Amino acid sequence: MKLFLKINLIVIITGLFLSCTGNPKSKDIVERKPNIILLIGDGMGLSQVSSVFYFGEGNTNFTRFTEIGLFGTSSATEEITDSSAGGTAFACGEKTYNGAVGLNADSVEIPNLVELLSLKGYNTGVISTSSVTHATPASFYAHVPSRKREEKIAKQLVSSEIDFFAGGGISFFNGRTDKVNLLDQLSANGFQINTRIESEVPDSNSKYGFLLAEDGMPTMIDGRGDFLTDYTKFALDYFSRSGNNFFLMVEGSQIDWAGHANDTDYLIGEMIDFDRTVGIALDYAKQMGNTLVIVLADHETGGFALSSKDGNYSTIEASFATGGHTATLIPVFAYGPGAETFKGIYQNTDIFHKIISVTE
Ligand code: MG
Ligand code: ZN
């Protein structure tokens, strides 16, 4: 311990000395690894992002980014990905088959960002407007051959490295076919579990789980309110208190569901909510520094288009080309340390490698 302190002091003193002498690399010596906030708008293509420019609440937070890239989303087996293969590409850095969570195309378990960053001393969390056991959040902590196995995914959450989670899905914990009550197991593993919306997260060092709906959370139209923004703030407060680095994944899950439903009002409600949440993350990163914010999607849903209405170029009419996913390239927006590495055109799996390289 003493030796460690001594070495640290030498590093700090050397760093200070080098910064006084103007060596541009000196900052690297004393700087901490960045925190990572990864915001996933499930099914959010460029037209979905564009919709908040036309139908949103004034200035959108997307205009605050200067580092922007594009990536391809195909899975190992299909041109068009689903959310589990898409989530696994970000979380584990490998393309896999549609339906797989945390496994490669040969069905072998592969380490995810939560596991890898925990080893580097990061605290980790997931927040989702779907069930916390749904494909996208599950990709960050679970390993199952099919995304449909949400009871198994719930079991894996209990023993995962996750420190904070919030979303729906309580039925996969306490209404299970095996009759096991996973809420008890979560408590035994140091989690404080809450099943109703809190106005404030209590100030304590325990881990937190918020399971606020039987399955998915309500839609914005049906009164989900400020869940996504509030719980993103709670998580950021919680992680700030711990003093450790953190990795937080926040998902606007229902942008995808609105696309499947070809429902423009549903979609815009979900996009406005997601845009506000992006603002919370950017405000935090700007205020606290040393935080990389990445905003992206696993794929586009609905073939959403903002077209002219009957050839009238002064009116935008939203429409959909499909009830499923599409193969269009997906935009990625980044802010903070390492943001410039997200420029260019690449594959969804590169997101994982870029995050790993920024945290090395
Ligand atoms: Mg999803
Ligand atoms: Zn979908």
Side-chain angles (χ1 to χ4, degrees), residues 38-49 73-75 77-92 96-102 112-114 125-142 144 146-150 153-154 157 162 165-169 172 211-213 215-220 224 227-228 231-232 248-264 266-267 269-271 273-274 277-278 294-304 320-328 330 332 348 351-352:
L38 175 63
L39 296 122
I40 303 180
D42 197 317
M44 182 184 71
L46 192 51
S47 290
Q48 282 83 348
V49 172
T73 63
S74 64
S75 71
T77 51
E78 326 249 4
E79 294 289 6
I80 298 173
T81 191
D82 81 321
S83 294
S84 51
T88 299
F90 301 147
C92 307
T96 188
Y97 59 92
N98 287 3
V101 173
N112 56 48
L113 284 174
V114 163
V126 292
I127 303 174
S128 174
T129 57
S130 61
S131 154
V132 295
T133 53
H134 210 258
T136 310
S139 299
F140 288 85
Y141 63 81
V144 290
S146 166
R147 57 185 286 174
K148 291 179 187 156
R149 304 193 59 183
E150 285 193 72
I153 291 168
L157 176 58
I162 296 280
F165 64 86
F172 303 107
L211 291 165
L212 305 173
D215 195 339
M217 295 292 291
T219 68
M220 283 308 284
R224 190 170 73 237
F227 161 77
L228 199 60
Y231 279 80
T232 300
L248 175 64
M249 192 290 295
V250 181
E251 186 199 17
S253 322
Q254 300 194 32
I255 298 164
D256 173 67
W257 301 355
H260 284 294
N262 286 7
D263 185 331
T264 305
Y266 182 8
L267 176 57
E270 297 301 321
M271 274 307 305
D273 184 46
F274 187 73
T277 310
V278 168
I294 308 157
V295 181
L296 45 67
D298 44 2
H299 54 75
E300 195 274 345
T301 306
F304 187 55
F320 295 88
T322 173
H325 299 173
T326 70
T328 183
I330 291 298
V332 47
N348 53 2
I351 297 292
F352 166 90

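Computed from a predicted model, the values in this text were never measured in an experiment. One is the number of the first residue; the rest follow in order along the sequence. In listed order, ligands and their atoms are each counted from 1.
- Residue-level check: among N/O/S atoms of E251, OE2 sits closest to the Mg ion (ligand 1).
- Aromatic rings from F90 and F352 are positioned such that their centres are separated by 6.0 Å or more.
- Residue contact annotation: S130 places no N/O/S atom under 2.8 Å from the Mg ion (ligand 1).
- E251 and T136 are linked by a side-chain donor-acceptor pair at a separation below 3.5 angstrom, with hydrogens and angles left out of the test.
- Of all N, O or S atoms in H260, the one lying closest to the Zn ion (ligand 2) is NE2.
- The Zn ion (ligand 2) lies at the vertex of an angle of 100° between the OD1 atom of D256 and the NE2 atom of H325 (rounded to 10°).
- Distances from the Mg ion (ligand 1) to the N/O/S atoms of D42 are shortest for OD2.
- When distances to the Zn ion (ligand 2) are checked against a cut-off of 2.8 Å, D42 contributes no N, O or S atom below that limit.
- Checked by atom type, the side-chain pair T326/H299 shows no donor-acceptor distance below 3.5 Å.
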S83/R147 under side chain to side chain contact (heavy atoms under 4.5 Å, CB included): CA gap, chis, key distance, verdict: CA-CA 9 Å; S83 294; R147 57 185 286 174; 4.1 Å; yes

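- In the model, D215 has no side-chain atom that pairs as donor or acceptor with a side-chain atom of H134 under 3.5 Å.
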